[in-house]
Amino acid sequence: MTAATAAAMAQFDEQRNLVRLRDHLAEFGVHAEMRDNYSALMVRRPEPGLPVWVFVGYGGAFYSWQNANKRHSVDDPRGAAKILAEYVAR
């Protein structure tokens with residue numbers, strides 16, 4: 001496998017994980033939108049305020065937000081959605 005193929009596969013996995021998180025956030029009534037290039041998820045707050053940007057980082061192992069001060073395993077998108085729903089509701 002070439003380095004370019006490996007990078008493309010890793011990017012696809014990150015995008016897939018962000019889509020899974022977005023879908024679980026919808027279950028909690030939280031609106032989230034993918035960036036045009038699927039590199040990040042913009043999570044809207046229920047009240048006026050700045051959105052929360054979520055990325056997949058740490059080698060594809062974690063969702064991260066708040067400048068990577070907050071993170072949750074990509075193996076648990078529903079748990080991450082629950083934590084994010086509580087976070088944006090504050």
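In terms of hydrophobic clustering, with Ile, Leu, Val, Met, Phe, Trp and Tyr side chains grouped at heavy-atom distances under 4.5 Å, Val54 and Phe28 are assigned to a common cluster. Under the 4.5 Å side-chain heavy-atom criterion for ILVMFWY residues, a single connected hydrophobic cluster contains both Val19 and Val30. Cluster membership check: Tyr87 shares its hydrophobic cluster with Leu18, using side-chain heavy-atom separations under 4.5 Å among Ile, Leu, Val, Met, Phe, Trp and Tyr.
At most 12 heavy atoms of other shown residues, nucleotides or ligands fall within 6.0 angstrom of atom CG in Asn67. More than 12 heavy atoms of other residues, nucleotides or ligands sit less than 6.0 Å from atom CZ of Arg16. Within a 6.0 Å sphere centred on CG of Asp36, other residues, nucleotides and ligands contribute 12 heavy atoms or fewer. Heavy-atom neighbours of Met42 CE from other residues, nucleotides or ligands within 6.0 Å: above the threshold of 12.
Of all heavy-atom pairs between Pro77 and His24, the closest is CB-CD2, 3.7 Å. Across every non-hydrogen atom of Ala40 and Phe55, the tightest pair is CB-CE2, 3.3 Å. The two residues Ala89 and Pro46 make their nearest non-hydrogen contact at CA-CG, 4.2 Å. Contact between Val74 and Gly60 at its shortest, heavy atoms only, is CG2-O, 3.3 Å.
Side-chain atoms of Arg22 and Glu33, non-hydrogen and from C-beta on, never get closer than 4.5 Å to each other. Taking 4.5 Å as the limit, every side-chain heavy atom of Lys70 sits out of range of all side-chain heavy atoms of Phe62. Side-chain atoms of Met34 and Leu41, non-hydrogen and from C-beta on, do get closer than 4.5 Å to each other. Leu84 has its side chain within reach of Leu21: a pair of non-hydrogen atoms, C-beta onward, lies under 4.5 Å apart. Between Trp53 and Gln66, every side-chain heavy-atom pair lies at or beyond the 4.5 Å cut-off.
Summarising the geometry, atom CD belonging to Gln15 is positioned 14.0 Å from atom CZ belonging to Arg20; distances are rounded to the nearest 0.5 Å.
Between Tyr38 and Glu14, the side chains place no donor N or O within less than 3.5 Å of an acceptor N or O (distance only, hydrogens not considered).
Not one N or O on the side chain of Arg45 forms a donor-acceptor pair closer than 3.5 Å with the backbone of Val52.
For Arg71 and Tyr63, the positive end is not near the middle of the six-membered ring at less than 6.0 Å and at most 45° from its axis.
Ion pair Glu86/Arg90 not flagged as a salt bridge, since none of the NZ, NE, NH1 or NH2 atoms sits closer than 4.0 Å to an Asp/Glu carboxylate oxygen.
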